[in-house]
Amino acid sequence: MSQIRVGFAMCGSFCTFHKVLPEMENLVKQGYDVLPIMSQVAYSTDTRFGKAADFVREIEALTDHEIIHTIFSAEPIGPKKLLDILVIAPATGNTLAKLANGITDTPVTLACKAHLRNARPALLAVSTNDALGTAAKNIGMLMNAKHMYFVPMRQDDPEKKPSSVVADFSRIPESVEAALLGRQLQPMLA
């Protein structure tokens with residue numbers, strides 16, 4: 001697996017970072033070469049869930065790579081064929097909408113567009129409060145798109161947030177393996 005290069009892109013669902021980072025670490029421990037990518041918002045915004053600089057330090061130490069966090073630095077991913085697979089975790093409703101509609105105005109969306117030009121898999125780990133609302137059509141479009149795969153997901157709080165869906169981030173490593181083989185794990189969990 002040391003030859004397999006995984007792009008790991010993070011968007012601004014800050015409340016999920018504490019669940020996503022251990023899975024990034026699991027990929028590194030399994031021998032994948034993990035190249036970190038962050039949206040500008042995720043890279044630079046301090047929130048109640050942590051300081052941006054702390055996340056950046058932790059991710060760069062974990063992966064031994066500088067984070068791609070500008071559109072300029074994301075562009076070479078496609079022409080240079082830098083990745084075997086791209087994971088977007090968390091994939092926010094905003095990012096899903098942009099991907100479904102071909103909008104590439106963030107480092108994450110441009111990284112995905114650039115990567116997909118090589119007909120290689122992209123794996124989305126959804127985290128959005130409106131997955132069963134306005135984001136549903138975008139998720140449906142992406143489920144039907146070539147080379148797009150999903151980490152299994154479920155409603156995270158049906159009582160208080162009836163439209164919210166979050167991926168089971170612990171399943172990122174097995175989802176990576178499946179997507180590299182062209183297989184989609186059952187995307188919806190009960």
When rounded to the nearest 0.5 angstrom, what is the spacing between [atom1] in [X] and [atom2] in [Y]?
| X | Y | atom1 | atom2 | result |
| --- | --- | --- | --- | --- |
| Ile139 | Leu124 | CD1 | CG | 9.0 Å |
| Lys19 | Ser13 | NZ | OG | 9.5 Å |
| Asn26 | Leu21 | CG | CG | 11.0 Å |
| Lys146 | Tyr149 | NZ | OH | 10.5 Å |
| Glu58 | Thr63 | CD | OG1 | 10.5 Å |
| Met153 | Thr128 | CE | OG1 | 11.0 Å |

For [X] and [Y], indicate whether the former's side chain and the latter's backbone hold a donor-acceptor pair under 3.5 Å.
| X | Y | result |
| --- | --- | --- |
| Ser39 | Ala42 | yes |
| Asp46 | Ala52 | yes |
| Arg120 | Leu83 | yes |
| His65 | Ile59 | no |
| Glu60 | Ile67 | yes |
| Ser44 | Gln40 | yes |
| Glu75 | Leu110 | no |

Is there a side-chain contact between [X] and [Y], using heavy atoms and a 4.5 Å cut-off?
| X | Y | result |
| --- | --- | --- |
| Asn101 | Asn138 | yes |
| Ser127 | Phe169 | yes |
| Glu174 | Pro152 | no |
| Leu86 | Ile77 | no |
| Pro90 | Val20 | yes |
| Thr109 | Ile103 | no |
| Asn94 | Thr106 | no |
| Asp84 | Gln3 | no |

More than 12 heavy atoms of other residues, nucleotides or ligands under 6.0 Å from [atom1] of [X]: is that the case?
| X | atom1 | result |
| --- | --- | --- |
| Asn144 | CG | no |
| Lys98 | NZ | yes |
| Asp64 | CG | no |
| Glu66 | CD | no |

Hey, mind stepping through Val6 and Ile85 against side chain to side chain contact (heavy atoms under 4.5 Å, CB included) and telling me if it holds? CA-CA 5 Å; Val6 178; Ile85 186 170; 3.7 Å; yes
Between [X] and [Y], what is the shortest heavy-atom contact and its length?
| X | Y | answer |
| --- | --- | --- |
| Leu142 | Met148 | O-CB, 3.3 Å |
| Ser73 | Ile68 | OG-CG2, 3.3 Å |
| Met10 | Ala89 | CG-O, 3.3 Å |
| Pro107 | Met38 | CB-O, 3.6 Å |

Using side chain to side chain contact (heavy atoms under 4.5 Å, CB included), reason through Phe14 and Thr92 one step at a time and then give a plain yes or no. CA-CA 10 Å; Phe14 300 100; Thr92 61; over 6 Å; no
Same apolar cluster (I L V M F W Y, side chains within < 4.5 Å links), [X]/[Y]:
| X | Y | value |
| --- | --- | --- |
| Tyr32 | Leu62 | yes |
| Leu185 | Val126 | no |
| Ile71 | Ile37 | no |
| Met143 | Leu132 | yes |

Is the distance between the ring centroids of Phe17 and Phe55 under 6.0 Å? yes
Give the intermediate values and the outcome of side chain to side chain contact (heavy atoms under 4.5 Å, CB included) for residues Leu27 and Met24. CA-CA 5 Å; Leu27 292 175; Met24 181 187 291; 5.7 Å; no
Worked verdict on Ile88 versus Cys11 for side chain to side chain contact (heavy atoms under 4.5 Å, CB included): CA-CA 8 Å; Ile88 303 177; Cys11 302; 3.9 Å; yes
